[in-house]
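Presented below is the structure to which this report refers.
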Amino acid sequence: MPYPFLHGLNPEQRAAVTLPHESALILAGAGSGKTRVLTTRIAYLIQSGQATPGGVLAVTFTNKAAKEMLTRLSAMLPINTRGMWVGTFHGLCNRLLRAHHREAALPALFQILDSADQLSAIKRLLKSLNVDEEKYAPKQVQHFINASKEEGLRAEQVDAYDTYTTTLREVFAEYDRQCQREGVVDFAELLLRSYELLSRDTNLREHYQSRFRHILVDEFQDTNRLQYRWLKLLAGPATAVFAVGDDDQSIYAFRGAHVGNMHEFERDFSVQKIIKLEQNYRSHGNILDAANALIHHNAGRLGKNLWTSEGAGEQIRLFEAATDQEEAAFIVDEAKALQREGVSLADIAILYRSNAQSRVLEHALFNAAMPYRVYGGLRFFERQEIKHALAYLRLMASSDDDGALLRVINFPARGIGARSLEQLQDAAKTRGVNLFEAACMRVVGGKAGTSIGNFAALIEMLRGECADLPLPEQIEHMLDKSGLLLHYQGEKEGAERVENLNELVNAAAGFIAENQDASLAGFLTHAALEAGEHQAEAGIQAIQLMTVHAAKGLEFHAVFLSGLEEGLFPHENSRNERDGLEEERRLMYVAITRARRRLYISYAQSRMLHGQFRYGLVSRFLGEIPGELLKAINTSRSHSHAAWGAPSPAPQVRASAVTAGATWRIGQNVVHPKFGAGVIVNCEGGGDDARVEVKFRDHGAKWLALEYARMTAV
DNA sequence: ACTACGAGACTTTTT
DNA sequence: GTCTCGTAGT
């Protein structure tokens, strides 16, 4: 056997890895060894001489996944992975555009805008165009622009049927002009620009098409329409595309992911046969059965059933709490018990649908002195002080970057206010120069004018002094001379920010050690394309708290899935979205399949939400899990709230309100003395101020206080 | 130019 | 409840 890495693969995995030169779709269920198949396939192709490292392109969604792939590859093969094109869609597009910036009509040192940079660029543009920000919310404009680009559309190709869209379209066009002028590129632009480059430039396209005989795509279900078209364009007649994905784990439709790409791929690339990886190496049987049963409620799946050779294992533990606090207390108690049994805290996760839910959990963990770690929130390169530092660096690298200039021209404060900035911007516009040049020309008079001139001189000075310094020293120098460091040192709560700024110097040192391209521009690109670690790292001895989205791709010995209430999970906003409920169900599927051995699912009858108590019903998803897989483990304290009926025997739990002897639940038919017949469709509040929404046959929907409404159940 | 206060939002998120 | 954002006041 010349390929030792094929050992230990199951028949389907092996079939996928050793597939002949043809495009293939691998349907890889949760925990089925997807990454292993992907990397082993590459190793096999290279080892068997079917591909050279330079002829392989592998694309992922996150930097973490790309790194993981490279690490595993170099463990399997004694090759230099440098020549391989392994990276994220954005990273690869960046690489392409850097190499052919002239053909793509971009400056050699184009900067990349992250979402926040893009938003401020849009705000600035709206102001200069005198567009009403009330009517055209910057966030919506941003979404419009990005969504258009992700459909492959430029401003002039967007349909406008009313004045509103016409304005949006105009702003879009103007935005692109502004970016071009300033030499910056947003995330969607990276994709679209390289797509356009390849489709326009036949020579270039054919060059890459014949070079990449193998394209491999990870998390294919997460590709958007533009990414799919990009792949189609890059794949030449002799290219085999190896797409690995799981339609059941598509949870990013809200940001443009298009699962339909899987069907289209099958057709467009004449896929002979879909290989399904259904053997799961992660979870015990009951957990998989629950996941299978749940996801079965979705329509239009490609179809897949996870199985394991391990035993059924434990039942899923179901806990009904009276309040969110009680739910948190329960989780803490159970986690402590697990810890006593010897389970590592790092192997316990508490998952929730939305970040707002973490507060109560954190509070309970904190009071119990349990170490925990919350994932999510601001990442390193997104922090204010880092953004400021990067803006200085960007301005040093390129005078055209108006956005960077505006960010730091008065930070730290130099007495340059809105007034003088306006003058500066006007002057720049009439003279057709960028803000930095205008600043150098000292077009603004008075004291502020002097400050502006001094600022320009500062940047010039930094450029001169940094020219021959190694990158980390350049940054140190800038932090010092710009006054940034001093500013934060003088701030009451600035210690952490100072620390982060020092960390930026370290990051630069790490960057030059790992990359051949040790330039400032290279580092800035790195900073934009890789905002820093957001996903959980193994090894930290603390309970892991994160959203279900953030947990995708991870696994834990024990998982607490909290807040299984209608309106929360599935989230109520999902009701308005097309196929929203199905995406929520896939999210639930992802959540369940994170657990290896033990899964807890909990919900609370009442919960503090948006500053007031909300009373929810148990999530419909619990009803979609077969009862025999669940074990209710309610403790006595959960029955303390009299306003709610005793839970019906689990798992067919039904939250219901009890008032004056009558039981109300959603779906209950009622008769009202004034409004007549109707059906309860929603409920809110509890106890004395419980209210229900009743949809009346003849009077529409109304909210009624249970205490006063004299309804009869029918 | 900076602080303070009130209004309004508030699902999920990588690049 | 808590955070951000924008405006008004100092």
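Lettering follows sequence order; numbering is per chain, from 1.
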* Identify, between A:Thr88 and A:Ile251, the residue whose nearest nucleotide on DNA chain B lies closer to the 5' end. => A:Ile251
* To do: For A:His571 and for A:Asn63, find the nucleotide of DNA chain B with the closest heavy atom, then tell me which residue's nucleotide is more 5'.
  => A:His571
* A:Thr547, nearest nucleotide to its side chain (from B:dT15, B:dT13, B:dC2) -> B:dT13
* Asked: Quick one: which of B:dT11, B:dA1, B:dT15 gets closest to the side chain of A:Thr62?
  ->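 Nearest nucleotide to the side chain: B:dT15.
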For [X], enumerate each residue passing the side-chain contact (heavy atoms from CB on, under 4.5 Å) test, keeping only those at least two apart in sequence or located in another chain.
X	result
A:Ala439	A:Leu424, A:Ile452, A:Ala456
A:Ala521	A:Leu109, A:Ser519
A:Ala507	A:Phe523
A:Lys232	A:Tyr228, A:Asp268, A:Phe269

* According to a strict under-4.0 Å criterion, is A:Arg379 in side-chain N/O contact with OP1 or OP2 of B:dT15? ->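 Yes, such a contact exists.
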* Asked: Does a nitrogen or oxygen in the side chain of A:Asn355 sit under 4.0 Å from OP1 or OP2 of B:dT11?
  -> no
* Please list, chain by chain and in numerical order, all residues satisfying ring-ring contact (aromatic ring centres under 6.0 Å, His included) with A:Phe61, sequence neighbours excluded. => A:Phe89
* Asked: So does A:Asp222 pair up with A:Arg255, basic N to acidic O under 4.0 Å?
  -> no
* To do: Sticking with atom C1', work out how far C:dC3 lies from B:dT14, rounded to a whole angstrom.
  =>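 The answer is 23 Å between these two C1' atoms.
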Nucleotide N/O of nucleotides 1-10 of chain C paired with protein N/O under 3.5 Å:
unit_1	atom_1	unit_2	atom_2	d
C:dG1	O6	A:His610	O	3.3

